[in-house]
Structure formats: C-alpha cells, structure tokens
Amino acid sequence: MAQANTSQMLKGVLQGCLLMLLADEPSYGYAITQRLNEFGFDTVPKGTIYPLLMTMEKKGLLASTMRASPDGPERKYYHPTPAGLAAKQDFLLDWQILSTNVARIVQLEANHHE
Amino acid sequence: MNEVTLQREMETRSRLLTKTNAEFFGQIQVYLNLRTPFKDKLQLAQNLLALMNDLIDAQQDGVTAADYFGTDPKAVAREMAQALPWNFKAMRYAATVGLVGYLILMLLPGLMVPDEPVDLGQILIGLAMLGGFMVAFSWGLSSLSFKRRPWVRMVLVMLLCGGLCYGVVTAYLWVHTPLKVTLTGPLSIALIVLFGLIAVLQFNHDRKKFRFLPIALTFLFVELSVCVLALAMRVPAAAAWLKQGDRIAWFLVACLVPLYIIPFGWMFVMMVRGFRANHRRPD
C-alpha cells in the first residue's frame with residue numbers, strides 16, 4: 001500500500017525530475033533509470049520511464065538524437081528543449097511552494113503529537 | 001538512420017537477448033506495430049531499438065525484462081503507443097496504396113474476360129468489409145500479444161482470423177449490386193497496363209522493407225500473371241489459342257506455382273532462421 005501511494009505521488013513529480021536530470025546531462029533510457037536509482041527512485045518500474053519520455057518529446061519538452069553510446073550501440077539521447085527548460089523552472093517553483101505548504105502541515109501534525 | 005536500417009540493427013541486436021527477454025520484447029514489438037499503423041514509424045523504430053539496447057544492458061546487469069518493465073507491460077506498451085506522434089503522410093500513403101492495391105486485385109480478374117461486366121458495388125462493399133476485417137484483426141492480435149501461453153495465443157489468433165475471413169468472404173460472395181460497368185476496348189487495355197505498372201512500382205517500393213518482401217513478391221506475381229493473361233485475351237490469335245482445352249487454367253497454374261514456391265519458400269526459410277536463432281539464444 002505504501003509503495004502504491006509512493007508511486008502515485010511519483011507520477012506527478014517524475015516529469016520534473018527527468019527535466020532536471022536531463023538539463024544536467026543529456027542521457028538515454030537505461031542510463032536515466034540508473035541515475036534515478038542513485039537518487040533513491042529504485043522502486044519506480046523502469047518501464048514507465050519510456051512512455052513518459054516519449055510523451056514529453058511529443059509535448060515538445062524534450063528533443064532526442066540517435067547516437068552511439070560509450071558502450072557502442074545506437075541510443076536515443078534526450079535533452080530538454082527551451083520549452084522543457086521553462087517547464088523545469090515552473091516545476092521548481094511549484095515544488096518549492098508545495099514542499100513549503102506540506103512541511104507546514106507536517107509541522108502542525110508534529111506539534112499535535114508533542 | 002532510416003526505418004529499414006534501424007529494423008536491421010534490431011534484428012542483429014535481438015540475438016543478444018535471452019529467450020525470455022526476447023519473447024517479452026517481441027510481445028511489446030508486436031503490440032506497438034499493430035496498434036500504430038498510422039503513427040510515425042521512424043520514431044517507433046528508434047524507440048524500439050533504444051528499448052532493446054536498454055534491455056540488453058539490463059540483462060547484462062542481471063535484471064530481467066519482467067523486472068525492468070514491471071508487472072503490467074501491456075499498460076506500458078499502450079502508453080508508448082499513445083505517446084507516438086501521428087504521421088499523416090503515412091496515413092495518406094497507406095490509404096492510397098491499400099485502395100489502389102485492392103482495386104487492382106479486384107478489377108484485374110474481371111478484366112481477364114473481355115466484355116465481362118465488373119460489379120463496382122460489390123467491390124466497394126468488399127472494401128468496407130476488408131477494412132473492418134483488418135482493423136478487427138490488428139486489434140485482436142495486438143490484444144492477444146501479451147497472453148502468457150504461446151499456444152493459447154496461436155489458437156485464438158487462428159480462430160479470430162479464420163472466423164473473420166470466413167465471414168468476410170461469405171458475405172462478399174452473397175452480395176451483388178446493379179452498379180456494374182463493362183470495361184472494353186482501349187480503355188480496358190490502358191487499365192491493364194496501368195495496373196501492371198503500378199504493381200511493379202509498388203513492388204519496387206516495398207522490396208526495401210525486407211520483412212514484407214515475400215508478401216510484396218506474392219502480390220507482384222498475382223498482378224503480373226493476371227495482367228499478361230488479360231492482355232493475351234485481347235489479342236485474337238492468343239485468345240483463340242488460350243481458349244483451346246484447359247490452356248487458361250494451365251497458364252494460371254503455371255503462374256501460381258512460382259507464386260506459392262518462391263514467396264512461401266522464402267517465408268519458410270525466414271521462419272527456420274528465426275527458430276534457429278531463437279534456439280541459439282542463452283536461457
């Protein structure tokens with residue numbers, strides 16, 4: 001149940017996270033999933049990343065190029081477009097407001113328990 | 001890289017997948033190909049190749065395709081299909097090729113016999129039925145692509161195809177309309193030559209898509225054989241010779257033999273290669 005709740009919450013923020021990761025460094029599917037793992041997103045089914053990347057590309061937030069990876073085979077490297085970078089800024093702003101509001105409510109809950 | 005190069009790359013790289021992972025990837029591939037006939041095929045090929053290369057990497061790290069994709073691969077494939085952009089050019093091309101190809105296949109046999117009226121209404125009703133059949137077939141087959149037991153999938157596909165085919169053919173044979181035209185003289189000859197030319201041009205285009213080569217070859221044989229016969233029937237001396245005994249039937253048999261041997265032999269060789277490649281895969 002806890003995992004289901006987490007994945008529901010993640011769905012909303014994954015797009016913002018991907019925009020930030022890809023703004024930091026253009027990357028491809030598997031490498032992105034590994035970077036997500038490094039940040040503790042190891043419970044996210046990696047398959048869900050692909051439709052999300054494709055949808056973001058369709059919306060014009062990401063652009064892609066096929067090029068050889070350091071390991072050899074052709075990879076689809078994604079990078080944010082100017083619209084994607086703007087969406088990243090919007091996400092950061094929204095996240096700050098959301099996290100501040102949630103932190104205040106969590107603090108209220110903590111105060112009740114004291 | 002174009003679509004064909006990407007598909008060839010995928011064929012080569014797929015040998016690195018284990019049996020289980022190859023089957024898993026195959027299900028996604030079948031689903032996406034059947035559900036996205038009018039979507040951007042280049043993007044589809046790029047995404048499938050990218051996905052396959054990622055699965056190979058995951059496999060090397062000890063992660064199976066099932067672990068990588070989660071418990072609901074069909075949902076992932078469905079979302080991927082929705083995320084692919086439409087390709088209106090491909091849509092127009094497929095509609096034109098489908099319509100012209102169908103008209104050639106349906107009109108040519110009628111043109112074999114000079115002065116024989118052609119039922120245009122029957123042809124149009126048949127077109128609507130065939131369109132319905134193809135949509136039902138694609139949706140049915142793609143829905144079955146994630147069935148766990150391959151034999152269940154095979155039986156269901158055969159039942160679906162057989163039932164739909166039987167329904168379409170029976171309904172088509174029973175339908176007759178008054179919308180009949182008789183194509184005679186120079187117009188019929190011009191049409192036969194035009195149909196033959198279109199058949200050759202279409203084959204020249206399709207032969208680049210190596211997977212469809214046997215099917216393209218089959219259509220070319222049918223269309224050219226009937227074109228030659230239809231033209232011969234309009235030359236008095238040739239028509240008189242052909243009408244003796246069972247010569248028309250023998251001519252058609254002579255055309256049908258390579259029609260079956262070459263394309264189906266080709267498909268058989270490709271199938272055997274596929275089985276062998278699958279057999280050599282690591283577990």
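Proteins come first, then strands; the chains are lettered A, B, ... in the order of their sequence lines, and each starts at number 1. The shown structure was predicted, so the numbers you read here are calculated from the model rather than taken from an experiment.
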Locate the shortest heavy-atom distance separating B:Val76 from A:Thr48; write the atom from each residue and the value.
CG2-N, 4.5 Å
Verdict with supporting geometry, A:Arg75 and B:Asp54, side-chain contact (heavy atoms from CB on, under 4.5 Å)
CA-CA 9 Å; A:Arg75 305 288 191 174; B:Asp54 289 352; 2.8 Å; yes
Does any heavy atom of chain A fall under 4.5 Å from the side chain of B:Leu84, the backbone, both, or neither of them?
both
Working to the nearest 0.5 angstrom, can you tell me the gap between A:Lys58 NZ and B:Asp40 CG?
11.0 Å
Residue that, paired with A:Glu74, satisfies side-chain contact (heavy atoms from CB on, under 4.5 Å) out of B:Leu49, B:Leu6, B:Thr5:
B:Leu49
Identify the two heavy atoms, one from B:Met80 and one from A:Met54, that lie closest to each other, and give their separation to 0.1 Å.
O-CE, 3.3 Å
Take a 6.0 Å sphere around CE of B:Met91 and say whether it holds more than 12 heavy atoms from other residues, nucleotides or ligands.
yes
Would you please classify the geometry between the A:Tyr50 ring and the B:Phe69 ring as parallel, tilted or perpendicular, with 30° and 60° separating the classes?
parallel
Okay, B:Arg13 and chain A: the region with an atom under 4.5 Å from a heavy atom over there is side chain
Side chains of A:Gln34 and B:Asp57, heavy atoms from C-beta outward: is any pair under 4.5 Å?
no
Contact leader toward chain A among B:Pro85, B:Gly70, B:Ala58, where contacts are heavy-atom pairs under 4.5 Å
B:Ala58
Would you say the side-chain atoms of B:Asn53 and A:Tyr28 include a donor-acceptor pair closer than 3.5 Å?
no
Looking only at heavy atoms, what is the nearest atom pair of B:Ala50 and A:Lys76, with distance?
CB-CB, 3.9 Å
Presence of salt bridge, B:Asp67 and A:Lys46, under 4.0 angstrom
no
